[in-house]
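Input: a single structure, listed below in structure tokens.
Numbering of residues begins at 1 and proceeds along the displayed sequence.
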Amino acid sequence: MVQKSPLDDPINAAHAWARYRQIMKVLMAVTVVTVVLALGLLFAFNGAISVHYYIAVALGISFTMLLGGGLMGLAFLSNGTGHDESVDNRMPGRDEFWSPDEK
């Protein structure tokens, strides 16, 4: 039987999503600082390069950090609320698997 998830409760869900938004705000600030620092170092060591290079570096760093951080934040949300424990992970028994007719 499938257990009820703690995220089904609106109060728990609101608290969990507020915490997730807080994590994402901090991650966004860290991402901006990292991109500015990386672009500053690139300019200091390489001088004026094509603007397309700087755009690509900024987008690459931003996308990687925000995607990775967002997914990790969702994992923290799922684990921290107890949603993971409500999932039924039982594997079917050996006799429940489909198997071709033996000859």
Side-chain angles (χ1 to χ4, degrees):
M1 181 173 162
V2 178
Q3 298 175 2
K4 185 176 178 183
S5 171
L7 288 176
D8 291 338
D9 179 25
I11 295 172
N12 285 342
H15 175 70
W17 286 110
R19 187 170 151 230
Y20 178 74
R21 282 190 295 276
Q22 182 182 10
I23 290 171
M24 289 305 294
K25 287 177 186 176
V26 170
L27 178 66
M28 185 64 178
V30 171
T31 300
V32 168
V33 169
T34 302
V35 167
V36 169
L37 183 65
L39 292 178
L41 288 172
L42 282 173
F43 185 76
F45 287 111
N46 296 321
I49 305 174
S50 171
V51 70
H52 300 100
Y53 180 75
Y54 290 111
I55 292 171
V57 168
L59 288 176
I61 292 172
S62 300
F63 180 75
T64 302
M65 287 185 67
L66 291 174
L67 180 65
L71 291 174
M72 284 303 298
L74 288 174
F76 293 149
L77 178 131
S78 179
N79 185 35
T81 60
H83 182 72
D84 291 347
E85 286 81 27
S86 67
V87 176
D88 182 16
N89 283 331
R90 291 177 292 163
M91 294 292 291
R94 193 173 179 145
D95 57 341
E96 296 174 352
F97 283 123
W98 177 84
S99 61
D101 294 334
E102 295 180 17
K103 295 181 181 180

Would a distance-only check, ignoring hydrogens and angles, find a side-chain to backbone donor-acceptor pair under 3.5 Å from Tyr20 to Gly70?
yes

Single-linkage hydrophobic cluster Leu41~Val33, side-chain heavy atoms < 4.5 angstrom:
no

Check for me, please, whether Met24 and Met28 land in the same ILVMFWY cluster - side-chain distances under 4.5 Å, paths through other members count.
yes

Rounded to the nearest 0.5 Å, the CG atom of Leu77 sits from the CZ atom of Arg21 at a distance of 10.5 Å

Under the side-chain hydrogen bond (donor to acceptor under 3.5 Å, both in side chains) rule, collect the residues that match up with Ser78, sequence neighbours excluded.
Asp84

With hydrophobic residues grouped by side-chain heavy-atom distances under 4.5 Å, do Val35 and Leu27 end up in a single group?
no

Are Leu37 and Val26 linked, directly or through other ILVMFWY residues, by side chains that come within less than 4.5 angstrom of each other?
no

May I ask you to test the Val30-Met65 pair for a side-chain heavy-atom distance under 4.5 Å?
yes

Which distance, rounded to the nearest 0.5 Å, do you find between the CG of Leu42 and the OH of Tyr54?
6.0 Å

Qualifying residue, where the test is side chain to side chain contact (heavy atoms under 4.5 Å, CB included) with Tyr53 and the options are Val51, Ile55, Val57
Val57

Find out if a path of hydrophobic residues (ILVMFWY) with successive side-chain heavy-atom gaps under 4.5 Å connects Phe43 to Ile61.
yes

